[in-house]
Amino acid sequence: MLNLLAITGSPRKNSYSTKLHNEFLDPFIKNGSRIDIINPYDINIKPCTACGSCKDESNCIFDDSMTEIYKLIRDADIISISSPLYFSSFPGPLKTLIDRCQLLWEENRRNSIKIKERRGFFFCTAGSDYNDIFLSVLTVVKHFYNSINTSFNSDETILVKDCDLKDQISPEILEKCRILGTKYSD
Ligand SMILES: Cc1cc2nc3c(=O)[nH]c(=O)nc-3n(C[C@H](O)[C@H](O)[C@H](O)COP(=O)(O)O)c2cc1C
């Protein structure tokens, strides 16, 4: 049975990026995978203060929701992230979660705890369209997945621009998300 951690980065109820993500998750739900869904807006995570406490051992000065999330990341076979684009970047709460994974980056650097290999996915929506619109978030996602031993194929990301001109995501794009989920849930 696969363990999947899904991080949904949008604060909106009828979020486009969450919709893409849910289509991807559906085949995993149907085949009985274990799925934990986290929205960083709904939980309490303090921003990393660069105190250095995780440098020599896996120790964070904050005991908040990240304590459980470190465990979910370590146990996951698959991690999926969805997010809207905010100022060509991520919404603050999602970026805060990523920054707190400095503890896992340090573990990897020390090679002290071998966190298992896993596969990562990414879904992002943007309101408008301009040159290299997704470049910065793709850079962050690649860096993040690389830091937590997660393989990532950028050809399999689903990036949808011009969403503020649409009143729904096209069925073709939703189908692409479902096909991706089906491919990796079997
Ligand atoms: C604070 C804020 C910043 C945004 N910044 C950008 C941006 O830099 N580029 C862009 O194309 N759209 C931007 N948008 C629009 C969102 O990316 C767009 O509406 C997206 O589809 C929302 O996804 P969601 O429905 O999953 O929340 C911004 C929206 C908000 C609220």
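FYI, side chains are in, hydrogens and waters are out, and symmetry mates aren't considered; it's all heavy atoms of this structure. Whatever order the structure lists them in is the order used to number ligands and atoms, beginning at 1.
Scored by the salt bridge (charged side-chain N to carboxylate O under 4.0 Å, His left out) test, Lys176 finds no partners at all (sequence neighbours excluded).
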Can you list every pair where an N/O of ligand 1 is under 3.5 Å from an N/O on the protein?
| unit_1 | atom_1 | unit_2 | atom_2 | d |
| --- | --- | --- | --- | --- |
| ligand 1 | 5 (N) | Leu85 | O | 3.3 |
| ligand 1 | 5 (N) | Phe87 | N | 2.8 |
| ligand 1 | 8 (O) | Phe87 | N | 3.0 |
| ligand 1 | 8 (O) | Ser88 | N | 2.8 |
| ligand 1 | 8 (O) | Tyr130 | OH | 3.3 |
| ligand 1 | 9 (N) | Tyr130 | OH | 3.0 |
| ligand 1 | 11 (O) | Gly127 | N | 3.2 |
| ligand 1 | 11 (O) | Ser128 | N | 2.9 |
| ligand 1 | 11 (O) | Ser128 | OG | 2.9 |
| ligand 1 | 12 (N) | Gly127 | N | 3.0 |
| ligand 1 | 14 (N) | Leu85 | O | 3.2 |
| ligand 1 | 17 (O) | Leu85 | N | 3.4 |
| ligand 1 | 17 (O) | Leu85 | O | 2.6 |
| ligand 1 | 17 (O) | Gly127 | N | 3.4 |
| ligand 1 | 19 (O) | Asp164 | OD1 | 2.7 |
| ligand 1 | 21 (O) | Thr125 | OG1 | 3.3 |
| ligand 1 | 23 (O) | Thr125 | OG1 | 2.9 |
| ligand 1 | 25 (O) | Arg12 | NE | 3.0 |
| ligand 1 | 25 (O) | Arg12 | NH2 | 2.7 |
| ligand 1 | 25 (O) | Tyr16 | N | 2.8 |
| ligand 1 | 26 (O) | Ser15 | OG | 2.7 |
| ligand 1 | 26 (O) | Tyr16 | N | 3.4 |
| ligand 1 | 26 (O) | Ser17 | N | 2.9 |
| ligand 1 | 26 (O) | Ser17 | OG | 2.5 |
| ligand 1 | 27 (O) | Ser10 | OG | 2.6 |
| ligand 1 | 27 (O) | Arg12 | NE | 3.3 |

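Taking the six-membered ring for Trp, Tyr145 and Phe122 have ring centres at least 6.0 Å apart.
Counting heavy atoms from C-beta outward, Asp26 and Asn22 have side chains that stay 4.5 Å or more apart.
Across Ser10, Ser15, Ser83, Ser80, a single residue satisfies side-chain hydrogen bond (donor to acceptor under 3.5 Å, both in side chains) together with His21, and that is Ser80.
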Verify salt bridge (charged side-chain N to carboxylate O under 4.0 Å, His left out) between Lys183 and Glu156, making sure each step is shown before the conclusion. CA-CA 11 Å; Lys183 177 174 171 189; Glu156 291 184 320; 2.8 Å; yes
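Taking CD of Glu23 as the reference point, atom CD1 of Ile179 lies at 10.5 Å (rounded to 0.5 Å).
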